[in-house]
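Structure first, commentary second.
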Protein chains: 2
Amino acid sequence: MTARATGGSAPEGYDKHAFEPFAVTVDLAVLTIRAGALDVLLVERGQEPYAGRWALPGGFVLPDESAETAARRELAEETGLADVSGLHLEQLRTYSEPGRDPRMRVVSVAFTALLPDAPEPRGGGDAAEARWRPYDTAGPLAFDHDRILADAHERVGAQLEYSCLATAFCPPEFTLGELQQVYETVWGGTLDRPNFRRKVLATPGFVEPVPGAARLTGGRGKPAALYRAGTAAALHPPLLRPPREGSPA
Amino acid sequence: MTARATGGSAPEGYDKHAFEPFAVTVDLAVLTIRAGALDVLLVERGQEPYAGRWALPGGFVLPDESAETAARRELAEETGLADVSGLHLEQLRTYSEPGRDPRMRVVSVAFTALLPDAPEPRGGGDAAEARWRPYDTAGPLAFDHDRILADAHERVGAQLEYSCLATAFCPPEFTLGELQQVYETVWGGTLDRPNFRRKVLATPGFVEPVPGAARLTGGRGKPAALYRAGTAAALHPPLLRPPREGSPA
DNA sequence: CCTCTTTATAGTCGTAGCGACTATTAATTC
DNA sequence: GAATTAATAGTCGCTACGACTATAAAGAGG
């Protein structure tokens with residue numbers, strides 16, 4: 001059933017308020033790490049407004065979808081991945097400023113998605129060309145997508161402290177060096193390797209060793225032991241970000 | 001399939017037949033602490049569906065409003081407070097399951113609001129009677145409001161750990177005992193008073209003493225020093241919740 | 001082959017934070 | 001004025017953590 005609710009045609013219970021139907025969309029901040037840099041998936045706009053500018057992938061929520069379902073569908077379309085069921089997808093927040101789209105009233109539910117490997121995106125369907133772009137030089141983006149992307153970055157950075165989210169950037173089996181690089185890339189600094197190792201291994205359920213003493217050969221140094229994501233969801237104790245300069249008075 | 005608003009092949013502007021308009025509402029989880037118990041502001045529904053059941057206050061987002069603006073307007077209407085500009089209001093998440101309202105497609109942006117004192121709510125406008133109810137015996141609520149309320153509780157509990165949010169439950173000047181009671185009420189346990197005091201005072205910017213060595217008299221024991229909310233937004237180091245039983249293997 | 005480089009892993013040391021606990025102080029109540 | 005209540009001060013021992021050093025195991029290049 002379609003809601004044509006402007007004026008007096010609102011359903012029972014809503015008729016005391018006049019309300020305007022809004023378009024509801026999802027926007028995706030799809031993040032990955034390639035060559036030690038944080039990359040974001042962007043699409044190039046072909047028409048006004050913001051023609052030629054890059055934007056976050058997204059689209060309308062269909063009548064029988066939740067926002068989460070729509071976001072996962074868009075994620076599959078934009079990345080071209082066959083199976084996105086295991087990927088980390090999380091609602092960020094909703095952006096509803098009246099003027100955020102000059103054409104009409106659009107309320108957008110933003111999501112953050114994290115990918116381990118980074119396949120080159122295949123432009124799905126009629127979508128404009130999609131590409132990985134470095135996070136640092138991504139902007140300025142169309143609409144309020146700069147802010148959405150910044151919010152996503154901040155949220156992911158904060159969640160690395162107290163959740164196992166970092167493993168979502170890693171392949172199924174990974175070394176502690178790769179895991180550390182996730183933290184360093186998202187937080188933008190360097191961490192002490194022995195200390196990082198001690199903290200990760202001291203946190204129960206964060207990672208577990210791959211059976212058989214598997215090691216990753218082919219690198220330049222000593223082969224690293226392989227680990228899998230553990231069963232814990234939260235980190236106790238948390239892995240706190242080193243404080244920025246100037247914090248302690 | 002469906003034309004995409006951000007796609008390259010769509011004609012000028014949005015294709016009006018590509019999406020279905022949704023009603024967009026806000027729902028508020030308004031929390032306070034009264035007599036050492038966590039209370040939530042609820043309204044009684046007068047009509048189907050869920051007639052006679054309690055629900056979170058909320059309403060439609062008007063055409064010229066953002067969701068935040070609508071939430072603050074609803075907060076003022078439901079609580080009857082003249083000035084809600086200083087109250088803590090924060091977006092929680094958006095609920096968009098297709099069947100969450102049996103009448104029509106409603107996407108609801110949920111907010112959490114924290115109040116220090118607890119004036120008896122005046123039923124604002126045509127709203128049904130609004131009342132403070134204890135959090136523990138609030139359910140079952142109408143629609144998916146049980147889940148929204150639970151999500152709000154969990155979010156607030158988590159934010160107490162690493163933000164100064166607890167002061168939002170307190171009046172402008174408060175004692176450390178009152179602040180501790182906020183933590184105990186939301187987390188549902190007891191904290192050691194000397195240790196709590198030491199941690200709060202050791203966190204720069206969390207609280208600052210009221211000038212003049214002001215103290216709160218009239219209580220039964222030794223008068224407590226009065227404090228104000230500090231200037232910091234985040235807590236360094238965080239005030240971690242005591243681990244639940246069974247967490248360490 | 002031997003050595004240098006690179007990376008992983010092991011361990012040390014001093015400090016800060018924190019949980020558990022005891023002691024003291026200053027008000028009200030009986 | 002003694003008992004009660006609550007705030008504040010302080011102690012003790014353990015753990016976590018940052019900074020640092022040392023060792024092990026691979027490839028690179030002569």
Side-chain angles (χ1 to χ4, degrees), chain A residues 36 160-162 170 173-184 187 189-204 206-210 213-227 234-245 247-249, chain B residues 35-36 160-162 170 173-184 187 189-210 213-227 234-245 247-249:
Chain A
L160 289 188
E161 290 189 323
Y162 52 89
C170 296
E173 298 187 348
F174 53 87
T175 69
L176 293 186
E178 293 177 275
L179 189 67
Q180 180 176 349
Q181 202 175 46
V182 171
Y183 279 88
E184 291 178 339
W187 286 350
T190 59
L191 299 174
D192 181 81
R193 198 184 290 264
N195 288 341
F196 179 83
R197 173 189 187 79
R198 188 213 307 165
K199 292 189 69 166
V200 168
L201 295 180
T203 303
F206 192 4
V207 299
E208 54 185 27
V210 171
R215 290 183 170 268
L216 181 68
T217 59
R220 260 209 291 266
K222 177 176 176 177
L226 288 172
Y227 292 86
L235 257 44
H236 279 292
L239 214 158
L240 294 181
R241 200 176 336 204
R244 298 275 175 203
E245 297 303 321
S247 290
Chain B
L160 289 188
E161 290 189 326
Y162 52 89
C170 295
E173 298 187 347
F174 52 87
T175 69
L176 294 185
E178 293 176 277
L179 189 67
Q180 181 177 348
Q181 202 176 48
V182 170
Y183 279 87
E184 291 178 338
W187 286 350
T190 59
L191 299 173
D192 181 81
R193 197 184 291 263
N195 289 341
F196 179 83
R197 174 190 186 78
R198 188 213 307 163
K199 292 188 69 167
V200 169
L201 294 181
T203 303
F206 192 4
V207 299
E208 55 186 26
V210 172
R215 291 180 170 268
L216 181 68
T217 58
R220 261 212 288 266
K222 177 176 177 176
L226 287 173
Y227 292 86
L235 257 44
H236 279 290
L239 215 158
L240 293 180
R241 204 176 333 208
R244 299 275 176 202
E245 297 302 322
S247 290

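Each chain gets a letter, A, B and so on, in the order its sequence line appears, and its residues count up from 1.
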Distance from B:Glu184 atom CD to B:Leu179 atom CG, nearest 0.5 Å? 10.5 Å
Contact between A:Tyr227 and A:Leu201 at the side-chain level, heavy atoms closer than 4.5 Å - yes or no? yes
A side-chain contact here means heavy atoms from C-beta on lying under 4.5 Å apart; do A:Pro223 and A:Thr175 qualify? no
For B:Pro238 and for B:Gly221, find the nucleotide of DNA chain C with the closest heavy atom, then tell me which residue's nucleotide is more 5'. B:Pro238
Between [X] and [Y], what is the shortest heavy-atom contact and its length?
X: A:Pro237; Y: A:Thr203; answer: O-OG1, 3.9 Å
X: B:Leu239; Y: B:Leu235; answer: CB-CD2, 4.2 Å
X: A:Phe196; Y: A:Leu191; answer: CD1-CD1, 4.0 Å

Distance test, side-chain N/O of A:Arg193 to OP1/OP2 of C:dA8, below 4.0 Å: yes
With a 4.0 Å heavy-atom cut-off, tell me which residues in residues 174-183 of chain A come close to DNA chain D, sorted by residue number.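 When residues 174-183 of chain A is checked for heavy atoms under 4.0 Å from DNA chain D, there are no hits whatsoever.
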Any sub-3.5 Å donor-acceptor pair from [X]'s side-chain atoms to [Y]'s backbone N or O?
X: B:Tyr183; Y: B:Leu160; answer: yes
X: A:Glu161; Y: A:Arg241; answer: yes
X: A:Glu178; Y: A:Cys170; answer: no

Please list each protein N or O that sits under 3.5 Å from an N or O in nucleotides 9-12 of chain D, with the distance.
| residue | atom | partner | partner atom | Å |
| --- | --- | --- | --- | --- |
| D:dA9 | OP2 | B:Arg197 | NH2 | 3.2 |

Whole Å only: how far is the [atom1] atom of [X] from the [atom2] atom of [N]?
X: B:Phe196; N: D:dA7; atom1: CZ; atom2: P; result: 11 Å
X: B:Glu161; N: C:dG17; atom1: CD; atom2: P; result: 18 Å
X: A:Lys199; N: C:dT9; atom1: NZ; atom2: C1'; result: 18 Å
X: B:Leu240; N: D:dA16; atom1: CG; atom2: P; result: 13 Å

Counting only side-chain heavy atoms from C-beta out, which of [options] sits nearest to [X]?
X: B:Arg220; options: D:dT8, D:dT5, C:dT6; answer: D:dT5
X: B:Pro237; options: C:dT29, C:dC18, D:dT8; answer: C:dC18
X: A:Lys222; options: C:dT7, D:dC17, D:dT8; answer: C:dT7

